[in-house]
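The next block holds one structure in the form of structure tokens; read it before the comments.
Reckoned from all heavy atoms, side chains included, excluding hydrogens, waters and symmetry mates. First the proteins, then the strands, lettered A, B, ... as listed; each starts at 1.
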Amino acid sequence: MRFSEAFIYTLKEAPSDAVLPSHIYLIRGGFVQSVGAGLYNFLPLGKRVLDKVRTVIKEELDNAGCQEVDLAFVTPSELWKESGRYEKYGKELLRFKDRKDAEYVLGPTHEEMMVNLARAYLKSYKQLPVNLYQIKTKFRDEIRPRFGLMRGREFLMKDGYSFHKDEESMIKDGFEKMEKTYSKIFNRLGLDFRIVEADSGAIGGSGSKEFMVLAESGEDTIVVCEECEYGANIEAAVRANPKAPHEANEEYEKPEMVFGKFLTPDVKTIEELSEFFLIDPYYLLKVVAKKALYDGGEEKIVLFGIRGSDELQEVKACNAVDANELADVSDEELENAGLVPGFMGPKDLPKEITFIADKLLEGEESVIAGANEKDYHFVGLNLKELNLTYKDLAEVKEGDACAKCGGKLKYTKGIEVGHIFQLGTRYSAPMKAEFLDENGKSKPYVMGTYGIGVSRLLAAIIEQHHDEKGPIWTKESAPFDLEIIVSNIKKEQELQTGKKLYEELSKNFDVLLDDRKERFGFKMNDYELLGIPYAIIVGKKIQDGIVEIVDRKTLQKQEVKADEAVEKIKGLLA
RNA sequence: CGGAGUGUAGCGCAGUCUGGUAGCGCACCUGGUUUGGGACCAGGGGGUCGAAGGUUCGAGUCCUUUCACUCCGACCA
């Protein structure tokens, strides 16, 4: 491709709202154009990178025995009602009607469509397992799209689905195989990533793992162990039960409490309470109130009880009450429900209020908790007498102990580029997608589902590979393998040599020839902004038969004889 | 959803307080000079100032409504 004819337009300035390097460089380099909240046009350069990434994904999946399909983007609401996700998926699902008033949604993911496809053909256990995938535009009406391609509303995703006769096959032929295949894909793309345990979110199902590209700008907090391989999204992270202060620290005496109701005027927060009783927050019961939202607009106030030394992990809490979503609840709403903000606790609650306690509180015989009465707390409350429900609700903190090895846990940030799920029969059962087993018995498929954020990968690659000049594309993701820069096109010898190299190298590589009527510095800056792995500069030294090879990563220039440049480049790009 | 902010040329911005014929830089077009690190000179094209309504002799500027976009928050009992 000749630069002088290419639809490549770089910008000196980025839009003021672009903060992340990936966002800035994608726009400045002319890879994408922003058209609206979370919507982007891919320009030729961006499209090239997208195709490169897509090729890597396709090659590895096809190698692993998956087959590519392409399903309709517009999907009938009927299917979503069948699976029970029409409500559950919430506002991110863009719904609309056609001229006949039939309801549709734009596919945010395609479990329903894929199950619908499979059940039409896969009737016998002999046909299984099957793994189908597509690389297709998805639409999710995100609350807050941001960071360029990192979190768009319209984005390119690879979504794959596997169908199996039983759990064992799903894990072996689906889940574990995809875990290996995904690792190959991200390695080929040159990414430093970590596989972590995750929450399954709106997709549902049991086990799930995320592929996290480690980057400061990542939106997800992941918990990793300093000693062992354990890693998990904070939404799903677990820890060894923390020790009570009197167990961990010999000088700290276990507080003795006699049950009773105490006047605690205006003492509302855990901090105030801790000071009032001169006691470690560990022995206090913190109550967090939320509004749980369910299908059909049903709302329920739920109280979550955790130790005062812990924070509530909202995703865990949401899962604990099987809600679609948790929302904040105002003091007024609490009061209307017969609750006293600041003095809420598990004992003497209004009947219709649900109370869930963190598992760390199970068996606790003596805590301080709100008395559900203004200005009063219970001291020495025995939770064993209350018949509470216990779930894992607390958020793992940095410094907590690893549940696997006891090592120290710490936080790090990651960009979720892949997510694999063990779905089981979450979709096949309600959608009656069944096959006949060896005994002629009808059974729903056991499924797995596997996603890769293809457009997000472009952002992730840049977040991990860039410098102050621009992106540094990895070999398998670069829009071109090589750029040839003719320093001054008015110098006949420079231009001719450039063209000759271009023709020769184009036989084996994607080459961009910068033959624009611009000054050298201008072209160099553009080269750096495009992030192409190597460049050959044909300039002044051509008089002595010398050209320079530039390595984008190091920006080091290396002089070579013009007639040896082709071989040299072949070696570098091999 | 809550809070804050911004909409003026393709991009980045000034002008709005104090109403009086819409400006700057980049990019673009023409001519010339320049050519190894984002050149310079001269000339030029391009904007119903987010939209609707109102006040006024006169509105980018004041008032009302509305739309869009961006940022921050979602942690509290």
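Contact of the A:Phe480 side chain with the A:Leu530 side chain is not registered, since no non-hydrogen atoms from C-beta on lie closer than 4.5 Å.
Remark: B:U30 base-pairs with B:A42; criterion is Watson-Crick or G-U wobble with both hydrogen-bond distances under 3.5 Å. Summarising the base pairing, B:A74 is matched to no nucleotide, lacking a Watson-Crick or G-U wobble pair whose two defining distances lie under 3.5 Å. Across all strands shown, B:G60 forms no Watson-Crick or G-U wobble pair with both distances under 3.5 Å. In this structure, B:U55 forms no base pair with any nucleotide, since neither Watson-Crick nor G-U wobble geometry is met with both distances under 3.5 Å. The partner of B:G23, taking Watson-Crick or G-U wobble pairs whose two distances both stay under 3.5 Å, is B:C13. Taking a pair to require two hydrogen-bonding distances under 3.5 Å in either a Watson-Crick or a G-U wobble arrangement, B:G37 remains unpaired.
Nucleotides B:C69 and B:U33 place their P atoms 49 Å apart, quoted to the nearest Å. With both ends at atom P, the span from B:C57 to B:U48 equals 27 Å, rounded to whole Å. If you take atom C1' in B:C26 and the same atom in B:A68, they sit 26 Å apart, rounded to whole Å. A gap of 47 Å separates the C1' atoms of B:C41 and B:A52, to the nearest Å. Atom name C1', nucleotides B:U56 and B:G19: the rounded distance is 9 Å, in whole Å.
In this structure, A:Arg95 forms a cation-pi arrangement with A:Tyr86, its terminal cationic atom sitting closer than 6.0 Å to the ring centre and no more than 45° off the ring axis. Under the 6.0 Å distance and 45° angle rule, A:Lys261 counts as a cation-pi partner of A:Tyr376. Because its NZ or CZ atom is not both nearer than 6.0 Å to the ring centre of A:Tyr534 and within 45° of the ring axis, A:Arg552 does not count as a cation-pi partner of that residue.
Residue-to-nucleotide contacts include a donor-acceptor pair under 3.5 Å from the side chain of A:Glu528 to the base of B:G37. A donor-acceptor contact under 3.5 Å is not formed by the side chain of A:Glu518 with the base of B:G38. Between the side chain of A:Arg519 and the base of B:U34 there is at least one donor-acceptor pair of N/O atoms closer than 3.5 Å. Residue-to-nucleotide contacts include no donor-acceptor pair under 3.5 Å from the side chain of A:Arg516 to the base of B:G38.
At the heavy-atom level, A:Glu548 lies under 4.0 Å from base atoms of the strands shown. Here A:Lys291 lies out of heavy-atom contact (under 4.0 Å) with every strand. At a threshold of 4.0 angstrom between heavy atoms, the contacts of A:Tyr9 with the nucleic acid are absent. In this structure, A:Leu312 reaches the bases: a heavy-atom distance under 4.0 Å links it to at least one base atom across the strands shown.
At a threshold of 4.0 Å, the pair A:Glu398-A:Lys408 does not count as salt-bridged, since none of the basic side-chain nitrogens sits closer than that to a carboxylate oxygen.
The separation between A:Leu530 atom CG and B:G38 atom P is 17 Å, rounded to whole Å. Whole-Å rounding puts the A:Phe378 CZ to B:A77 P distance at 19 Å.
The closest side-chain donor-acceptor pair between A:Glu463 and A:His466, if any, does not fall under 3.5 angstrom. Side-chain contact, A:Lys138 with A:Thr109: no donor N or O sits under 3.5 Å from an acceptor N or O. For the residue pair A:Asn319 / A:Asp199, a side-chain donor-acceptor distance below 3.5 Å is found, with atom types taken as modelled. Under 3.5 Å, the side chains of A:Asn488 and A:Glu494 contain no donor-acceptor pair of N or O atoms.
In this pair, A:Phe378 and A:Phe259 present their aromatic rings parallel. The plane angle is below 30°, not in the 30 to 60° band.
Taking a 4.0 Å limit (strictly below) on heavy-atom distances, residues 257-282 of chain A reaches RNA chain B at A:Lys268, A:Thr269, A:Ile270. Of the residues in residues 485-500 of chain A, those with a non-hydrogen atom less than 4.0 angstrom from any atom of RNA chain B are A:Ser487, A:Asn488, A:Lys490.
Taking side-chain N and O atoms only, A:Lys290 has a distance below 4.0 Å to OP1 or OP2 of B:C75. For B:G36, the OP1/OP2 oxygens have a side-chain nitrogen or oxygen of A:Lys540 closer than 4.0 Å.
A ring-centre distance under 6.0 Å is not found for A:Phe262 and A:Phe276.
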